[in-house]
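We count residues from 1, following the sequence as given.
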Amino acid sequence: MLEELQRLQGHIGALKTRLAQLESENSSLREEQDSTMSQHQANIDQKNSTISQKQQENDRLTEQLAESRTQYQQLNNDATALADRYSRLEKSCTDLKNRFQEILAERNELRALKEKLIQEQHHAHQEIQRLNQEHERLSQKNEHAKAKVEAIIQRLAILGTAQDHHAQEIQQLAHPAESTEEAST
């Protein structure tokens with residue numbers, strides 16, 4: 001029994017050593033587990049921090065996307081308005097171009113009419129000058145003829161007074177009754 005007791009003591013000693021080893025392994029495993037847990041917790045905290053940052057970045061990007069969509073919509077509206085305005089301006093430009101061509105055509109017609117009127121005015125001035133010269137010539141001729149007629153009338157008056165006197169005497173002799181009536185009136 002003593003042997004058994006020694007054997008048991010040897011087993012107990014071996015068990016104690018084994019237990020001490022296991023406790024030492026257990027404590028090192030616990031330390032390792034604590035270390036791993038703290039690393040794991042640090043990793044989790046780091047990952048949570050990264051997730052939080054990514055979430056904030058995602059929220060910021062979502063806001064930017066919403067703003068960009070709003071800006072895009074606004075730009076589309078502006079582009080549509082500008083396209084409409086451009087088409088109206090293009091139509092107005094075409095209308096103005098057509099009106100300008102009409103005005104140029106009218107201007108050319110007016111220039112031609114002006115040239116024609118200037119020529120007609122020039123011819124009219126020449127005609128007026130010719131008529132004034134003709135009037136002047138005819139007035140001089142008329143004055144000359146008038147002077148001649150007055151000279152003839154004076155000569156006839158001189159001749160006529162002498163002949164009238166003789167004609168009255170002859171008439172009285174031919175028609176004595178008429179001369180009496182004339183004298184009474």
Side-chain angles (χ1 to χ4, degrees), residues 1-140:
M1 231 267 342
L2 187 58
E3 276 180 20
E4 253 185 65
L5 196 56
Q6 284 178 346
R7 210 175 67 181
L8 279 175
Q9 273 183 347
H11 277 299
I12 289 176
L15 282 173
K16 278 186 181 180
T17 344
R18 177 89 177 146
L19 182 67
Q21 279 180 342
L22 286 174
E23 280 181 356
S24 137
E25 277 180 29
N26 191 18
S27 88
S28 72
L29 283 175
R30 274 207 177 125
E31 285 175 7
E32 192 178 314
Q33 181 184 10
D34 287 343
S35 162
T36 305
M37 283 296 276
S38 67
Q39 284 180 352
H40 182 66
Q41 189 62 40
N43 282 343
I44 288 174
D45 290 343
Q46 185 182 5
K47 297 292 182 187
N48 283 339
S49 172
T50 305
I51 288 172
S52 172
Q53 288 175 353
K54 294 296 181 183
Q55 186 63 39
Q56 288 174 353
E57 188 177 337
N58 188 24
D59 291 344
R60 186 178 53 81
L61 289 174
T62 303
E63 288 176 11
Q64 285 181 350
L65 178 63
E67 289 175 8
S68 295
R69 283 183 178 162
T70 305
Q71 287 176 348
Y72 176 76
Q73 185 64 34
Q74 183 64 38
L75 288 173
N76 271 344
N77 292 341
D78 290 348
T80 304
L82 285 174
D84 291 342
R85 195 168 174 195
Y86 178 77
S87 66
R88 285 194 310 269
L89 286 173
E90 199 170 50
K91 184 182 179 298
S92 295
C93 183
T94 304
D95 292 344
L96 285 174
K97 198 183 282 182
N98 291 339
R99 181 64 184 134
F100 182 70
Q101 288 175 349
E102 290 172 6
I103 288 171
L104 285 178
E106 287 178 21
R107 184 196 68 180
N108 291 338
E109 289 174 13
L110 288 173
R111 277 185 179 170
L113 182 61
K114 176 186 166 191
E115 291 297 322
K116 181 181 174 186
L117 289 174
I118 287 172
Q119 286 178 352
E120 287 178 7
Q121 183 183 24
H122 182 68
H123 290 305
H125 280 300
Q126 287 178 345
E127 185 67 19
I128 288 170
Q129 286 177 349
R130 189 188 62 75
L131 289 174
N132 282 338
Q133 289 171 354
E134 182 72 17
H135 178 265
E136 191 68 32
R137 188 182 61 77
L138 289 175
S139 291
Q140 288 174 356

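In summary, D84 and R88 do not engage in a salt bridge, as defined by a charged side-chain N under 4.0 Å from a carboxylate O. Under a 4.0 Å N-O distance rule, the pair R7/E4 does not qualify as a salt bridge. Remark: E134 engages R137 in a salt bridge, criterion side-chain N to carboxylate O under 4.0 Å. One finds no salt bridge joining E23 and K16 here, because no Lys/Arg side-chain nitrogen approaches an Asp/Glu carboxylate oxygen to under 4.0 Å.
A donor-acceptor contact shorter than 3.5 Å is absent between the side chain of S49 and the backbone of D45. T62 contributes a side-chain N or O that, together with a main-chain N or O of N58, makes up a donor-acceptor pair within less than 3.5 Å.
With hydrogens and angles left out, the side-chain atoms of N98 and E102 include no donor and acceptor closer than 3.5 Å.
Rounding to the nearest 0.5 Å gives a distance of 12.5 Å between CG of L113 and CG of N108. Expressed to the nearest 0.5 Å, how far CD1 of I118 lies from CD of E115 amounts to 5.0 Å. Taking CD1 from I44 and NE2 from H40, the interatomic distance works out to 3.0 Å, rounded to the nearest 0.5 Å. Atoms NE2 and CG, on H125 and N132 in that order, are 11.5 Å from each other to the nearest 0.5 Å. For the atom pair CD (Q21) and CG (N26), the distance works out to 13.0 Å, reported to the nearest 0.5 Å. Rounded to the nearest 0.5 angstrom, S38 OG and N43 CG are separated by 9.5 Å.
At a threshold of 4.5 Å between non-hydrogen side-chain atoms, the residues R69 and Q73 do not count as touching. Considering only heavy atoms from C-beta on, Q64 comes within 4.5 Å of L61 through its side chain. You'll find the side chain of L104 reaches within 4.5 Å of the side chain of R107, heavy atoms only.
When E31, Q33, Q39 are each tested for a side chain to side chain contact (heavy atoms under 4.5 Å, CB included) with S35, only one passes: Q39. Checking R130, H122, Q129 one by one against Q126, the side chain to side chain donor-acceptor pair (under 3.5 Å) holds for a single residue, H122.
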Chi angles and distances behind the salt bridge (charged side-chain N to carboxylate O under 4.0 Å, His left out) call for E90, R85 | CA-CA 8 Å; E90 199 170 50; R85 195 168 174 195; over 6 Å; no
Trace of the side-chain hydrogen bond (donor to acceptor under 3.5 Å, both in side chains) decision for Q55 with D59 = CA-CA 6 Å; Q55 186 63 39; D59 291 344; 3.3 Å; yes
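Residue-environment remark: CZ (R60) exceeds the threshold of 12 foreign heavy atoms within 6.0 Å.
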